[in-house]
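Heads up, the thing below is written out as structure tokens.
Treat the numbers as computed from the prediction; the structure is a model and nothing was measured. Because only heavy atoms are used, hydrogens play no part in the values below, and waters and symmetry mates are left out as well, while side chains stay in.
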Amino acid sequence: MQGGINSFNLVCIVVGLLYVFCMVIYPFTGGDWWYVQSVWSEWQSLNTGVLAFAASIIALNAVRYSEEKRRQSRFVAARAFLPQALSELTKYFEQSSLLFIEAWERSKDTNDRCKTSLKYQLPDLPVHYKQVFKDCIVDAPSDVAEYLAYLLARLQVHHSRMESVYEEFSEDSCMAQCEMNFIAYLFSLAELQALTNRLFSFSRGRFEFDNSPLKHKSFDECYCGWNIDDDLLRELGEFTTRNYNNLRN
């Protein structure tokens, strides 16, 4: 919509310049002052309409400018609460990693066969971030809004997946757990953490928004922060190399 309005303004400017040439510049080249007045008098109705139209265009753009400033102010206010929400999510991701790491280790235990509950409890999904993200999405530029919406969608998938994993480690479960599943789950969790890390500097107003594709290094930083052992770290590194280019671009 913004692009359409800008195009409309451009057309109005071109037509306005043509009008000024026809009604002001050209009459002065064709005769004296009386001739100019006769031209204006003959086209008086058109001139009145053009002036009224120009006034409406100016008023429209003034309203647009005022509303854009208010939108920017609302977004700055909403963005001020992002660091706290991101910190809550980071803590939640760290707790999630502990559960997935334990599940990966337990999936290799042929004696237990995942028939006992996990030691780590299912972490509670934070609630504060929801309203903060919602307020930001409403007034954020389109690229930021899409980024936050994508993060929210991936977060919902992660939490549902983690609930399912937690419930499947029980005496009544008939599900066979595969090590590679938890490698993929940790990879997806690292994507969430990497997307969240990228928002911290932007949320504090220190840097411009970065919407470029995630790099391999971003995943490695997450894995190192979760104190993953060497065997799992090697498998995650290989999995990440094969799959990180297939993520959101």
Can you tell me how the ring of H216 sits relative to the ring of Y244, calling it parallel under 30°, perpendicular over 60° and tilted otherwise?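 Perpendicular.
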Linking I/L/V/M/F/W/Y whenever any side-chain heavy atoms sit under 4.5 Å apart, do L148 and F209 land together?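 L148 and F209: one cluster.
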Joint cluster assignment, Y147 & Y150, ILVMFWY side-chain distance < 4.5 Å: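 Yes.
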Report the C-alpha distance between E102 and F182 in whole Å, list the side-chain angles of each, state the deciding distance to 0.1 Å, and finish with yes or no for side chain to side chain contact (heavy atoms under 4.5 Å, CB included). CA-CA 10 Å; E102 182 191 357; F182 301 112; over 6 Å; no
Please enumerate all residues that pass salt bridge (Lys or Arg N to Asp or Glu O under 4.0 Å) together with D135, with sequence neighbours excluded.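 Checked D135 against salt bridge (Lys or Arg N to Asp or Glu O under 4.0 Å); zero matches.
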Do you know the tightest heavy-atom contact between [X] and [Y]?
X: C222; Y: N197; answer: SG-ND2, 4.1 Å
X: P141; Y: R71; answer: N-NH1, 3.9 Å
X: L189; Y: W226; answer: CG-CH2, 3.6 Å

If the condition is side chain to side chain donor-acceptor pair (under 3.5 Å), which residues does [X] pass it with, not counting sequence neighbours?
X: E179; value: none
X: S218; value: none
X: E163; value: H159
X: T240; value: Y223

Please answer whether the main-chain N or O of [Y] pairs with a side-chain N or O of [X] as donor and acceptor at a distance below 3.5 Å.
X: R106; Y: S117; result: yes
X: Y185; Y: M180; result: no
X: S160; Y: V157; result: no
X: E235; Y: I183; result: no
X: Q193; Y: F93; result: no

Side-chain donor-acceptor distances from residues 72-87 under 3.5 Å, at least two apart:
residue : atom : partner : partner atom : Å
Q72     : NE2  : E68     : OE2          : 3.1
S73     : OG   : K69     : O            : 3.0
R74     : NE   : D139    : OD1          : 3.2
R74     : NE   : D139    : OD2          : 3.2
R74     : NH2  : E67     : OE2          : 3.4
R74     : NH2  : D139    : OD1          : 3.1
S87     : OG   : P83     : O            : 2.9

Separation between [atom1] of [X] and [atom2] of [Y], rounded to the nearest 0.5 Å:
X: I137; Y: E146; atom1: CD1; atom2: CD; result: 10.5 Å
X: L99; Y: F169; atom1: CG; atom2: CZ; result: 8.5 Å
X: T196; Y: E88; atom1: OG1; atom2: CD; result: 12.0 Å

With side chains defined as the heavy atoms from C-beta onward, is the minimum distance between [X] and [Y] less than 4.5 Å?
X: L118; Y: F100; answer: no
X: L89; Y: F133; answer: yes
X: F219; Y: L236; answer: no
X: Q131; Y: C136; answer: no
X: D210; Y: L199; answer: no
X: L214; Y: R198; answer: yes
X: Y129; Y: L152; answer: yes
X: Y92; Y: D124; answer: no

Donor-acceptor pair between E168 and S164 side chains, under 3.5 angstrom: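 Short answer, yes.
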Within the 3.5 Å criterion, strictly below it, is a donor on H158 or S96 matched to an acceptor on the partner's side chain?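 The criterion, which ignores hydrogens and geometry beyond distance, is satisfied for S96 and H158.
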Measuring centre to centre across the rings, with the benzene-like ring taken for any Trp, is F187 within less than 6.0 Å of F239?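 So the answer is yes for these two rings.
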Would Q156 and L125 satisfy side chain to side chain contact (heavy atoms under 4.5 Å, CB included), going step by step from the backbone distance to the final call? CA-CA 9 Å; Q156 292 171 11; L125 185 64; over 6 Å; no
